[in-house]
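Note: hydrogens, waters and symmetry copies are ignored here, and every other heavy atom, side chains too, is used. Treat the numbers as computed from the prediction; the structure is a model and nothing was measured.
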Amino acid sequence: MDALKARRPAPQSLNGLSGLHALRREPDQFAMVENFVRFAKDDDPAFLRHAFSRICGRDPTSAERLGMEFDLRRGVLKRRDVVKRIVAIARRDGKTAYWDTLLPEDDDDTHELPDASNANITPSGLLINPDGQAMLVFVREVENVGWMIAPDLLCQPLQINDGSWTVQSGWLLTGPKRSMAEGDWLLDLDIIQPQTARLDIEIVANSGLDFLQVMTLVGSFSGTVCVAIKREHRFIELRVRIHERSPEDRWLRPRNISMRRVS
């Protein structure tokens with residue numbers, strides 16, 4: 001109702017299109033590329049501040065602003081490419097963000113390959129997957145983007161070295177302490193680590209009073225484990241704990257840690 005009350009007349013250029021185009025909302029982390037590239041067309045610094053504020057919820061750092069501004073001025077990047085990069089930065093910051101566009105991706109002016117942070121890549125957090133299943137994505141690695149970490153998880157600082165996450169002994173991830181629907185859930189794990197490295201995976205409820213699933217992984221692992229969540233299980237939490245490791249083994253590549261409801 002608020003959207004209908006705030007309806008604006010359709011611009012002259014859209015008179016031949018559906019009246020639905022006259023419904024507007026402010027740009028946010030669900031970034032429609034065209035809404036951002038038209039902002040302050042002759043002022044790249046203002047465009048960058050606006051895009052970072054709406055998508056990342058913060059101003060760009062000096063390095064981010066100077067690098068993108070320089071590439072825009074030289075014509076190495078177009079604004080549409082910059083918006084995609086800012087979405088990728090927001091995801092690395094742990095925010096739910098993705099982009100989409102009405103423009104074809106194969107035009108002659110595109111300077112980069114298609115970006116892997118497109119809207120068809122499922123973001124992290126609580127969502128519905130393409131098969132209609134409720135899903136909770138804790139960590140997911142996306143090609144050319146990096147790791148997407150759910151915004152309501154506590155985690156060790158994301159320090160990347162040679163394409164892997166540098167980790168220390170102790171808790172790596174904990175959260176989200178969120179009540180979930182009763183039923184059977186599948187815990188999907190795809191984790192790369194040194195052959196003798198060990199880590200603990202725990203699914204607990206009621207602030208750690210009830211243990212729903214406990215396992216210790218040695219070396220790399222890819223598989224699925226069933227977790228039964230009952231009505232009395234509240235404040236579900238994933239815990240990932242790193243065992244003590246030698247300095248050369250203090251790395252991890254969690255390519256996917258997620259849960260999906262099956263019944």
Side-chain angles (χ1 to χ4, degrees), residues 57 91-97 122-129 131-142 146-159 164-246 249-263:
R91 288 182 166 186
R92 287 197 293 268
D93 288 348
K95 295 183 177 296
T96 299
T122 306
S124 57
L126 186 62
L127 45 94
I128 302 296
N129 70 10
D131 296 325
Q133 296 173 314
M135 191 173 185
L136 186 61
V137 178
F138 300 106
V139 180
R140 173 168 291 170
E141 184 182 18
V142 179
W147 279 284
M148 296 189 299
I149 301 175
D152 43 9
L153 290 183
L154 296 177
C155 65
Q156 292 186 15
L158 187 59
Q159 299 178 353
S164 299
W165 188 350
T166 300
V167 297
Q168 304 295 327
S169 59
W171 295 114
L172 176 70
L173 296 166
T174 63
K177 292 187 178 179
R178 171 183 290 167
S179 297
M180 298 163 60
E182 178 184 1
D184 290 334
W185 290 70
L186 297 181
L187 173 63
D188 295 317
L189 298 170
D190 187 358
I191 298 174
I192 305 296
Q193 63 176 348
Q195 187 172 2
T196 59
R198 302 170 66 195
L199 62 81
D200 296 330
I201 302 287
E202 300 175 355
I203 300 291
V204 301
N206 300 321
S207 298
L209 295 178
D210 297 313
F211 284 78
L212 310 185
Q213 191 63 255
V214 179
M215 69 189 81
T216 298
L217 303 182
V218 181
S220 301
F221 178 84
S222 178
T224 302
V225 180
C226 186
V227 181
I229 297 179
K230 300 179 180 179
R231 179 172 303 193
E232 61 268 24
H233 293 152
R234 299 297 178 185
F235 306 112
I236 308 298
E237 181 179 10
L238 166 79
R239 298 174 176 176
V240 179
R241 182 172 58 193
I242 305 293
H243 288 231
E244 187 65 41
R245 303 182 176 192
S246 59
D249 288 343
R250 291 175 183 167
W251 60 269
L252 188 73
R253 283 191 63 192
R255 298 194 291 197
N256 180 47
I257 303 177
S258 61
M259 292 180 67
R260 50 195 166 93
R261 188 185 181 196
V262 292
S263 66

Contact between [X] and [Y] at the side-chain level, heavy atoms closer than 4.5 Å - yes or no?
X      : Y      : result
Leu238 : Ile201 : yes
Pro254 : Leu172 : no
Trp251 : Thr166 : no
Leu199 : Arg245 : yes
Asn256 : Val139 : no
Met259 : Ile203 : yes
Ser220 : Ile191 : no
Glu244 : Arg250 : yes

To the nearest 0.5 angstrom, please state how far the [atom1] atom of [X] sits from the [atom2] atom of [Y].
X      : Y      : atom1 : atom2 : value
His233 : Leu212 : NE2   : CG    : 5.0 Å
Gln156 : Ile149 : CD    : CD1   : 10.5 Å
Arg234 : Ser179 : CZ    : OG    : 5.0 Å
Trp185 : Arg261 : CH2   : CZ    : 6.5 Å
Leu186 : Ser258 : CG    : OG    : 9.5 Å
Asp200 : Thr216 : CG    : OG1   : 4.0 Å

What residues, two or more places apart in sequence or in another chain, satisfy salt bridge (charged side-chain N to carboxylate O under 4.0 Å, His left out) together with Arg239?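 Once residues adjacent in sequence are excluded, the partners of Arg239 under the salt bridge (charged side-chain N to carboxylate O under 4.0 Å, His left out) criterion are Glu202, Glu237.
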Sequence neighbours excluded, which residues qualify as salt bridge (charged side-chain N to carboxylate O under 4.0 Å, His left out) partners of Asp249?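 Salt bridge (charged side-chain N to carboxylate O under 4.0 Å, His left out) list for Asp249, sorted by chain: empty.
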I need the minimum non-hydrogen distance between [X] and [Y], along with the two atoms involved.
X      : Y      : result
Leu153 : Phe138 : CD1-O, 3.6 Å
Leu252 : Gln193 : CD1-CB, 3.5 Å
Cys155 : Leu173 : CB-CD2, 3.3 Å
Ala205 : Ile236 : CB-CD1, 3.7 Å

Pairs where residues 180-190 contributes a residue and the test salt bridge (Lys or Arg N to Asp or Glu O under 4.0 Å) is met, not counting sequence neighbours: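 Qualifying pairs, neighbours excluded: Glu182-Arg231, Asp188-Arg260, Asp190-Arg255.
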Is the count of non-hydrogen atoms from other residues, nucleotides or ligands lying under 6.0 Å from Glu232 atom CD greater than 12?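 Yes, enclosed.
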